[in-house]
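Notes follow the structure.
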Amino acid sequence: MRQPFRSALATTTVASLTGGLLCLPAGAVAAATPAAPAVAGDDFNGDGFRDYASASWAAAGGAVRVVFGTAHGPGTASQTIDQDSPGVPGADEPDDMFGEVRAAADFNRDGYGDLAVAARGEKVNGREDQGAVTILWGSRKGLSGGTSLPGKAAPQSYGYFGTDLAAGDFNGDGRPELAAINAGETYVYQGTFSRKGITGPVAHPDRSNHVAAHLIAGRVTKDKATDLVVIGEAAFPGTRTEGNAWFLKGGAKLTSGKVLTVNSADFHVGDGLIADFDKDGYGDIAIGNPDDAKGRGAVTVWRGGAQGPTTAARITQATAGIPGTPEPEDAFGASLSAGDIDHDGYPDLAIGAYGEKFDDKAYAGAVHVLRGRPGGLSGSGSQYVTPATPGMPRFPGSEDSFGAAVRLRDTDRDGHADLFVTSTGGALRLPGSATGVTTAGATSVDPDLVDGFLQ
C-alpha cells in the first residue's frame with residue numbers, strides 16, 4: 001500500500017495569506033491574487049487553504065480530482081483533470097495510470113501550488129509503459145494546463161517513469177525541486193520550472209546494485225536543505241536480494257549516506273515518511289514493511305542526527321505496549337501517517353494494519369496510533385482503533401480492510417490532527433483530542449479525499 005501524494009512547502013519567507021469561507025457552487029473556484037510563492041504546495045488556487053488532489057478513474061487512463069479547501073476543511077468546489085483536458089500533454093488511453101502518483105509544490109514560484117502527476121503506463125513512441133510525468137500548473141481557477149517533465153533515462157519499454165515522485169528543496173536554494181524514479185533509478189530536477197519547459201541541472205545519484213521503488217523527502221538534519229531517502233531492492237552476488245533504504249543528504253550537491261537493511265528476507269519494502277517524533281530537531285524516518293515475516297508486518301524508525309540517520313528501531317505488534325498479536329497477512333505498516341493528535345507539540349504516528357483478523361472475520365483491519373514524546377516512539381500509551389471500538393458506526397465484517405489507508409491532518413484547525421481511515425466500506429474521520437483519537441463525533445467522509453491528504 002503506497003502513499004501516492006507528497007508535498008513540499010516553499011522555504012522562502014512569504015507574506016501571510018488569509019481567506020474566509022466562501023459559498024461556491026460545485027466546480028467554482030475562489031479567485032485569489034498571491035504576491036509571493038505559495039505557503040503550501042497544495043494550495044492550487046492561491047486562496048490560503050490547502051487543497052486535496054486524489055487519483056480518479058473518471059477517464060480511461062486515469063485522472064486527478066481536486067477538492068478545494070476552506071477554513072473548515074474540504075469544501076464543495078472541485079475539478080477533474082485528465083490527459084484530454086485543455087493544455088495537458090498526452091492522450092487519455094487505457095492503463096496510463098495518470099494521477100495515481102502525485103507530488104505538490106509551487107514549482108514556478110508564482111503563488112499557486114502546482115501538481116506533478118505521473119502516468120506510469122504511458123506508451124511513448126511505441127514503447128509500452130515507458131511512462132511520463134506532467135506538471136499541472138496552479139492558477140486563480142485551480143489547476144490549468146501542463147508541461148511535460150523531460151525523461152533522463154534511456155527511452156525504454158517498462159521504464160515506468162514516475163514510479164514515485166517527491167518534492168523538496170534538495171539543494172537548499174529556497175526553490176522547490178522534484179525527485180522522480182525512472183527505470184528504477186532516481187533523478188532530481190534542480191533547474192527552472194515554467195509553463196514553457198523544465199530546464200537546468202538534473203542530479204542522478206547512483207548505486208549500481210539498487211532498484212528504486214519509493215522516495216521519501218524531508219529534513220533529517222538541521223540544515224535548510226531537504227534530504228531524500230530512496231527505498232528499493234538491493235541485489236547481491238548469487239541470488240540474494242534485500243529491501244533497503246538509502247539516505248541522500250541534501251545540499252549544494254546530494255551526498256550519498258548510510259544504507260539501512262529494512263527487510264533482509266525479501267526485497268519488498270513499503271513507503272514511509274519523515275517526522276521529528278522526539279522533537280530533538282532531527283527528522284526521524286519511519287518506513288513501513290507490511291510484507292515482513294510472511295505479512296505480519298513491521299515499521300522501522302531510523303532516527304535522525306546531525307549528519308543523517310543514526311540508529312534504527314523495529315516496531316511490530318509484538319513490541320511492548322502495542323495491542324494485538326503478529327499474525328500472517330496482518331500487513332502492519334501498510335500505511336503510515338504523522339501528525340500531532342493531542343496537541344503536545346510532538347508528532348504522533350498512525351499505522352494501518354488492514355489484514356488484522358477479528359474472530360472469524362479475515363481482513364477486518366485495525367489502526368495503531370503511537371505517541372511522539374521525548375525519547376521517541378514506543379508502544380507506551382499507544383491506541384488501538386478497529387471497527388469494533390466503542391462508538392464506531394458499525395461492527396467489523398470480513399474483508400473490511402479497515403486501515404488500508406490512514407492520514408493524520410488537522411482539517412478543522414483546532415490544533416489536533418484528526419485520523420482519517422479508509423476501508424472497503426468507505427472512510428471515516430475520527431477527531432483528535434487532548435487524550436488522543438476519539439470515536440466521539442466520528443463521521444463518514446469521501447474516501448477520495450483521504451487519498452488526497454498530504455503526509
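Keep in mind that this is a model prediction, so the values were computed, not measured.
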Just checking, is any N or O donor in the side chain of Y363 or E329 under 3.5 Å from an acceptor N or O on the other one?
yes
Judged by atom type as modelled, is there a donor-acceptor pair below 3.5 Å linking the side chain of S194 to the main-chain atoms of G197?
yes
No-hydrogen, no-angle side-chain donor-acceptor test under 3.5 Å, Q317 and H368
yes
D95 atom CG, over 12 foreign heavy atoms within 6.0 Å:
no
Do the non-hydrogen side-chain atoms of Q130 and F161 ever get within less than 4.5 Å of each other?
no
Scan side-chain atoms only and decide if H204 and E185 contain a donor-acceptor pair under the 3.5 Å cut-off.
yes
Compute whether any side-chain donor of one residue and acceptor of the other, for Q83 and E122, lie under 3.5 angstrom apart.
yes
Residues L178, I198; criterion side chain to side chain contact (heavy atoms under 4.5 Å, CB included); working and verdict:
CA-CA 11 Å; L178 181 66; I198 292 86; over 6 Å; no
Side-chain contact test, heavy atoms from C-beta onward, threshold under 4.5 Å: evaluate it for L215 versus I181 and give yes or no.
yes
Carboxylate-amine/guanidinium contact R50 D42, below 4.0 Å
yes
With a 4.0 Å cut-off, would you call D446 and R65 a salt bridge?
yes
Answer yes or no: is there a side-chain heavy-atom contact under 4.5 Å between L430 and V385?
yes
Whether R407 and D418 form a salt bridge (side-chain N of Lys/Arg under 4.0 Å from carboxylate O of Asp/Glu) is what I want to check.
no
N/O donor-acceptor pair under 3.5 Å between E177 side chain and N171 backbone
yes
D412 bridged to R429 by N-O distance under 4.0 Å:
yes
For R195, check side-chain hydrogen bond (donor to acceptor under 3.5 Å, both in side chains) against everything at least two apart and list the hits.
none
Determine whether a donor-acceptor pair (N or O, by modelled atom type, separation under 3.5 Å) exists between the side chain of S423 and the backbone of F402.
no
Would you name the heavy atoms of H268 and N289 that are closest together and state the gap between them?
O-OD1, 3.4 Å
